[in-house]
Amino acid sequence: MNVALGGTFDPIHDGHRALFERAFELGDVTVGLTSDDLAPKTRHDQRHVRPFSERQSALADELATLAADQEREWEVRELTEPTGIATEPQFDTLVVSPETETGGRRINEIREERGHDPLEIEVVPHVRAEDGDIISSTRIVEGEIDEHGNLTPNRSGRQNIS
């Protein structure tokens, strides 16, 4: 099975890892990574996003380990539009988070318009931080939590993220 998912992934956290793990359980994975131009347009906040090359490198490190564990193939492709690679005919499944499920339905509408089969949409639940709220890159960048959802009250934010 050919599985697609996409995002900005800056920084990568346990919520992203849950998406990646589910994708690799299902098949070979192609991750669309937002371009430098697209990334700020997909954000609900006005925070700094690291350059594509840095995000791609961190993502590749993450995916290589998971792919090896599942004996799967993977690749990272640049996304220049929100619907990205998932409108291409070779994909069978789209892995999404609860807040991007609507976007997955929109992708299926575009696929139908193009004469492609709809994707199975696999919704992966949020991963919760120790305070019960969801783990998010924004919370990490703002210094509230670390990538695993641990509260970090003494951290001031992005400058301390590796």
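In this text the structure is predicted, and so the values were computed from the model without any measurement.
- Checked by atom type and distance alone, the side chain of R111 pairs as donor or acceptor with a backbone atom of D117 at under 3.5 Å.
- From I140, atom CD1 reaches atom CD1 of I145 across 5.0 Å, with rounding to the nearest 0.5 Å.
- Closest approach of A67 and F24 over heavy atoms only: CB-CE2, 3.6 Å.
- Taking a 6.0 Å sphere around CD of E120, one finds it holds 12 or fewer heavy atoms contributed by other residues, nucleotides or ligands.
- With contacts defined as side-chain heavy-atom distances shorter than 4.5 Å, the pair E112/P118 does not qualify.
- In the hydrophobic clustering of this structure, V3 groups with V31; members are Ile, Leu, Val, Met, Phe, Trp, Tyr whose side-chain heavy atoms approach within less than 4.5 Å, directly or through other members.
- Contact annotation: the side chain of H16 approaches that of S137 to within less than 4.5 Å [non-hydrogen atoms, C-beta and beyond].
- Inter-residue side-chain proximity for H148 and R17 is flagged as met; some heavy-atom pair is nearer than 4.5 Å.
- To the nearest 0.5 angstrom, N108 atom CG is 7.5 Å from L94 atom CG.
- Between the side chain of E73 and the main chain of D28, no donor-acceptor pair closer than 3.5 Å is present.
- Residue E71 qualifies as open at atom CD: its count of foreign heavy atoms under 6.0 Å is 12 or below.
- At least one donor-acceptor pair closer than 3.5 Å links the side chain of D36 to the backbone N or O of F52.
- Neither L79 nor L63 shares a network with the other; the hydrophobic side chains, linked directly or stepwise wherever heavy atoms of I, L, V, M, F, W or Y lie under 4.5 Å apart, form separate groups for each.
- Here the closest heavy-atom approach between residue A64 and residue W74 is recorded as CA-NE1, 3.8 Å.
- Ion pairing between R22 and E25 holds under the 4.0 Å rule for side-chain N and carboxylate O.
- Residue R47 holds its CZ atom at 4.0 Å from OG1 of T138, rounded to the nearest 0.5 Å.
- Placement of M1 and L119 in two distinct hydrophobic clusters is found when ILVMFWY residues are connected by side-chain heavy-atom separations under 4.5 Å, directly or transitively.
- Here E88 contributes atom CD and R114 contributes atom CZ; the two are 8.5 Å apart, rounded to the nearest 0.5 Å.
- By the criterion of side-chain heavy atoms lying less than 4.5 angstrom apart, applied directly or through intervening Ile, Leu, Val, Met, Phe, Trp or Tyr residues, I134 is not grouped with V141; the two fall into different hydrophobic clusters.
- Remark: of the listed residues V96, T93, V29, V29 is the sole one forming a side chain to side chain contact (heavy atoms under 4.5 Å, CB included) with L5.
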Fill in: Steps toward side-chain hydrogen bond (donor to acceptor under 3.5 Å, both in side chains) verdict (T34, T8)
CA-CA 5 Å; T34 56; T8 302; 3.0 Å; yes
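- Contact check for I12 versus F20: side-chain heavy atoms found under the 4.5 Å cut-off.
- With rounding to the nearest 0.5 Å, the separation of CG in D133 from CZ in R128 is 6.5 Å.
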Worksheet item: Stepwise, does the side chain to side chain contact (heavy atoms under 4.5 Å, CB included) test hold for V124 with V95?
Response: CA-CA 7 Å; V124 176; V95 173; 3.7 Å; yes
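- Between V123 and E101, the shortest heavy-atom distance links the atoms CG2-CD, 3.5 Å.
- Across all their heavy atoms, L26 and R72 have their closest contact at C-NH2, 3.9 Å.
- Hydrophobic cluster membership differs between V76 and L38, with clusters built from Ile, Leu, Val, Met, Phe, Trp and Tyr side chains linked at under 4.5 angstrom.
- To the nearest 0.5 Å, the span separating CD on E147 from OG1 on T152 amounts to 11.5 Å.
- Side chains of E21 and L66 form a contact here, defined as non-hydrogen atoms less than 4.5 Å apart.
- Residues P11 and R50 come closest through the heavy atom pair CA-NH2, 4.4 Å.
- Here the side chains of H126 and E99 are in contact, with some heavy-atom distance below 4.5 Å.
- What you find for D14 and I135 is that their closest heavy atoms are CB-CD1, 4.1 Å.
- The pair R55-D10 does not meet the salt-bridge criterion, since no charged nitrogen lies less than 4.0 angstrom from a carboxylate oxygen.
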